[in-house]
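Step one of this worksheet: look at the structure below.
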Number of protein chains: 2
Amino acid sequence: MAVDTSLSERKLIILKAIIQNYLETGEPVGSRTLSKYTELNLSSATIRNEMADLEDLGYIFQPHTSAGRIPSDQGYRLYVDMLMEEKEQEITQRENAMLEKADKVEKVLQQAAKVLASNTNYATMVSAPINSRNTLKFIQLSQVDEEQIVAVIVLGGNVIKNKIIEVGETLSNENLLKLNMLLNTTLNGMSIDQITLGLIARLKEQAGIHSEVVEHVLDAVAEIIHVEDDMKIYTSGATNIFKYPELSDKQSAQEIISAFEEKQQLADLVTETLASENSHGIQVYIGHEAPVKTMKDCSVVTATYELGEGMKGTIGIIGPKRMDYEHVMKTLKTLQSELDAIYNKNPKE
Amino acid sequence: MAVDTSLSERKLIILKAIIQNYLETGEPVGSRTLSKYTELNLSSATIRNEMADLEDLGYIFQPHTSAGRIPSDQGYRLYVDMLMEEKEQEITQRENAMLEKADKVEKVLQQAAKVLASNTNYATMVSAPINSRNTLKFIQLSQVDEEQIVAVIVLGGNVIKNKIIEVGETLSNENLLKLNMLLNTTLNGMSIDQITLGLIARLKEQAGIHSEVVEHVLDAVAEIIHVEDDMKIYTSGATNIFKYPELSDKQSAQEIISAFEEKQQLADLVTETLASENSHGIQVYIGHEAPVKTMKDCSVVTATYELGEGMKGTIGIIGPKRMDYEHVMKTLKTLQSELDAIYNKNPKE
DNA sequence: TATTAGCACTCCCTTGTTTTGAGTGCTAAC
DNA sequence: GTTAGCACTCAAAACAAGGGAGTGCTAATA
């Protein structure tokens with residue numbers, strides 16, 4: 001993934017210039033423009049020669065004969081890799097991300113998506129961290145009325161799950177107490193994926209109260225714990241894609257916005273990102289590289305954030321291939337640390 | 001709102017034919033077409049005369065000279081009013097709305113929106129019922145650890161609210177118990193808007209435990225109860241608008257889809273709908289009639305559903321003016337009763 | 001008197017043609 | 001190695017012409 005050394009310094013400069021110019025204008029860029037744009041002081045003819053080479057090497061191409069050049073996916077890739085290396089030594093400095101503290105995780109993430117979208121003018125998404133490795137801090141069953149019990153479960157990071165359990169017959173107060181004791185002493189501190197069905201079965205026996213109700217309630221508890229909160233994803237600025245002509249023809253717009261509405265595809269994206277994390281915690285998918293076909297004409301930049309204890313989530317930006325990678329990557333890094341700051345200031349036990 | 005009697009029977013038939021034809025094709029409809037389409041057996045010339053009249057009266061218009069006619073907002077309005085009257089005597093019969101029972105209100109509503117969208121090919125929204133007149137069924141504070149208390153509140157219709165309350169100093173077990181007793185005995189059965197700040201203040205005194213912690217906790221409880229769950233709105237099929245050329249130019253599409261993403265405008269729509277409810281529980285806003293400017297080129301059809309105890313929510317469909325009003329209204333009615341069936345089968349106390 | 005046939009007219013849309021201009025590749029000169 | 005010059009290409013814009021759907025009006029008809 002390092003910079004391809006087969007390119008001369010000059011070619012690199014020219015390529016970079018082509019890309020940057022194209023990022024700004026969205027138009028194919030020609031040799032004349034470049035000969036002014038760069039500080040190389042080369043004539044357009046020379047540039048043309050170099051461009052011909054770059055085209056042969058696959059970094060740029062012409063949308064049609066006699067048009068200027070446009071960076072190819074490969075060209076973008078090289079460019080982004082260069083950026084990555086430069087950034088490496090830069091100190092990440094905190095910026096004003098305007099993230100207000102909010103007590104509900106949900107709110108924070110939704111707002112994060114919003115801030116990101118308005119900062120970048122691209123479409124954004126933020127996935128809630130996955131709970132499976134989170135640990136149970138507290139569990140309680142309470143009688144609401146004769147036929148209803150409410151179960152409340154608090155996980156690390158103050159994630160709360162709850163559900164009403166409908167019971168046929170009433171559970172006596174003592175039994176409820178017993179059950180609560182049992183649940184808390186047994187499950188407390190365990191991670192979600194440690195709480196297996198086998199464990200629940202054992203609990204049923206240990207409960208010592210042999211009634212259908214208890215079994216039913218325990219089953220319900222297991223369900224609450226395990227029901228994958230189907231990957232909550234918060235999005236914002238989906239309509240930003242209308243700002244980029246290359247994405248806003250009906251067909252593409254329809255597809256991309258659908259993806260944002262349905263969220264299933266975004267979920268796939270998140271899964272993929274979390275699976276193949278790289279050193280920076282930032283990943284860039286250019287065009288076809290993205291794991292979702294809908295994004296084949298977009299670039300997707302994702303960052304992973306961590307709320308401690310292995311609870312990871314993803315922040316993502318979806319925009320045109322000619323996105324401002326530099327700014328985007330910087331903004332993502334900032335947000336990453338903002339989230340860190342918000343959630344890791346309460347030291348985890 | 002009754003049928004304008006100044007229109008002859010024949011004009012009405014022609015207007016209806018124009019509209020129905022336009023609903024199907026989306027193209028301006030001309031006199032020739034009509035002379036075949038209607039069972040009136042009139043020549044195109046006669047039809048032309050009638051159309052000229054209808055145009056003078058403002059029910060139809062030409063997008064340009066020598067084009068066919070298109071219904072105006074006023075024309076649609078008349079048409080819809082006619083439909084309403086016809087439907088009046090029809091028996092609403094249950095259809096297969098495929099709504100699965102789900103225990104979380106949230107899920108049900110999201111699914112309702114989805115079903116609706118796929119049934120109609122329009123963009124849809126469903127607002128969660130507003131809680132302010134809902135009653136409190138159960139409240140409980142539990143100690144999670146030294147510094148955290150989780151508050152759980154169950155409202156009618158099994159709506160659950162919760163929040164972690166951070167406390168500086170630990171609250172003793174007995175005090176927590178006392179507090180729970182007090183809260184339950186006092187607040188149980190009260191509606192949200194009955195629980196005023198004054199009441200909370202009185203509770204603080206009654207608690208008899210004079211400590212900052214108790215005050216803080218009670219304040220937090222009040223906040224949880226009152227924090228307007230900022231009108232949750234579930235949407236689906238926003239991208240359906242791409243199916244209608246008259247709405248899918250960049251400008252309009254951008255605006256409409258934004259409205260669906262931001263949801264604020266939809267919330268306004270809901271508020272308006274709930275405020276001015278009419279006899280059928282179904283309302284139709286045509287073009288400029290909608291309380292939101294974004295929808296000026298759309299028609300919005302809304303229905304109000306009730307979960308008992310004054311908890312009302314709204315179902316809405318947003319599409320082109322040439323939407324299939326008949327089908328839409330029927331579908332809405334069906335869904336309305338589906339929701340009724342799901343939520344009012346557990347008889348409310 | 002209401003309906004219809006006929007006709008001239010309007011104007012959008014489609015299709016085809018021309019022009020323009022940005023950009024290229026190549027070659028020959030510097 | 002670099003550059004000026006030139007012929008060439010091709011997309012997009014500008015223009016022109018024809019077709020066609022639809023209209024309004026008038027005069028004939030039932």
Side-chain angles (χ1 to χ4, degrees), chain A residues 7-15 17-22 24-72 75 245-246 248-249 322, chain B residues 7-15 17-22 24-72 75 245-246 249-250 322:
Chain A
L7 283 189
S8 72
E9 189 65 22
R10 196 168 71 177
K11 281 197 177 54
L12 275 179
I13 294 180
I14 291 178
L15 178 57
I18 293 177
I19 295 183
Q20 285 175 343
N21 195 294
Y22 184 68
E24 282 173 24
T25 65
E27 299 291 320
V29 12
S31 52
R32 250 186 85 76
T33 318
L34 281 184
S35 80
K36 293 171 190 164
Y37 194 84
T38 63
E39 66 289 1
L40 288 175
N41 281 338
L42 292 177
S43 79
S44 58
T46 315
I47 306 264
R48 276 206 287 286
N49 291 331
E50 294 288 40
M51 291 205 293
D53 290 352
L54 282 171
E55 179 155 11
D56 286 344
L57 293 170
Y59 293 105
I60 52 180
F61 69 96
Q62 298 180 277
H64 59 85
T65 337
S66 86
R69 303 307 212 286
I70 288 181
S72 67
E246 63 268 48
S248 60
D249 61 299
R322 60 182 177 98
Chain B
L7 283 189
S8 71
E9 189 65 22
R10 196 169 72 178
K11 282 196 176 57
L12 276 180
I13 293 179
I14 291 179
L15 177 57
I18 292 177
I19 295 182
Q20 285 175 344
N21 195 295
Y22 184 66
E24 283 173 24
T25 67
E27 298 292 319
V29 11
S31 52
R32 248 186 85 76
T33 318
L34 281 184
S35 81
K36 292 172 191 165
Y37 193 83
T38 63
E39 64 289 2
L40 288 175
N41 281 337
L42 293 176
S43 78
S44 60
T46 314
I47 306 262
R48 275 204 289 285
N49 291 331
E50 294 287 40
M51 291 204 296
D53 291 351
L54 283 171
E55 179 155 12
D56 286 344
L57 294 170
Y59 293 105
I60 53 180
F61 68 95
Q62 297 180 276
H64 59 83
T65 339
S66 88
R69 302 307 211 286
I70 287 181
S72 67
E246 63 267 49
D249 60 300
K250 251 181 228 188
R322 60 179 176 101

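Each chain gets a letter, A, B and so on, in the order the sequences are listed, and its residues count up from 1. Treat the numbers as computed from the prediction; the structure is a model and nothing was measured.
Atom pair Asn41(B):CG and dT3(C):C1' shows a separation of 13 Å (rounding to whole Å applied). Between Phe61(A) atom CZ and dT24(C) atom C1' the separation is 16 Å, expressed in whole Å. Per the geometry, CD belonging to Glu55(A) stands 15 Å off P belonging to dG23(C), to the nearest Å. One interatomic measurement links the two molecules: CG of Leu34(B) to C1' of dT23(D), which rounds to 13 Å at whole-angstrom precision. Rounded to an integer number of Å, the gap from Ile70(A) CD1 to dT24(C) C1' is 15 Å. A straight line from CD of Glu50(A) to P of dG1(D) spans 11 Å, rounded to a whole angstrom. What separates CG of Asp53(B) from P of dC25(D) is a distance of 12 Å, to the nearest Å. A straight line from CG of Leu42(B) to P of dA5(C) spans 11 Å, rounded to a whole angstrom.
Considering all non-hydrogen atoms of both residues, Ile60(A) and Arg69(A) come closest at CD1-CG, 3.8 Å.
Side-chain N/O atoms of Ser31(A) include none lying less than 4.0 angstrom from OP1 or OP2 on dG23(C). Within the structure, every side-chain polar atom (N or O) of Thr65(A) is placed at least 4.0 Å from both OP1 and OP2 of dT24(C). Considering only side-chain N and O atoms, Arg10(A) lies nowhere under 4.0 angstrom from the phosphate OP1 or OP2 of dG1(D).
Distances were taken from every side-chain heavy atom of Arg69(A) (C-beta onward) to each of dT2(D), dT4(C), dT24(C); the shortest belongs to dT24(C). Considering only the side chain of His64(B), dC12(C) comes nearest among dA5(C), dC12(C), dG24(D).
Ile14(A) places a side-chain heavy atom less than 4.5 Å from the side chain of Leu40(A). Side-chain contact between Leu42(B) and Glu50(B): absent, with no pair of heavy atoms (C-beta onward) separated by less than 4.5 Å. Within the 4.5 Å cutoff, side-chain heavy atoms of Gln20(B) are placed close to those of Tyr37(B).
Between the side chain of Ser72(A) and the backbone N or O of Gly58(A), at least one donor-acceptor pair lies under 3.5 Å.
One N or O donor and one acceptor, one from the side chain of Ser66(A) and one from the base of dT9(D), sit under 3.5 Å apart. Under 3.5 Å, the side chain of Arg48(B) and the base of dG24(D) form at least one donor-acceptor pair of N or O atoms.
Nearest-nucleotide mapping onto DNA chain C: of Asn49(A) and Arg32(A), the residue sitting toward the 5' end is Arg32(A).
Among the heavy atoms of the strands lying under 4.0 Å from Ala45(B) is at least one base atom, whether or not backbone atoms are also near.
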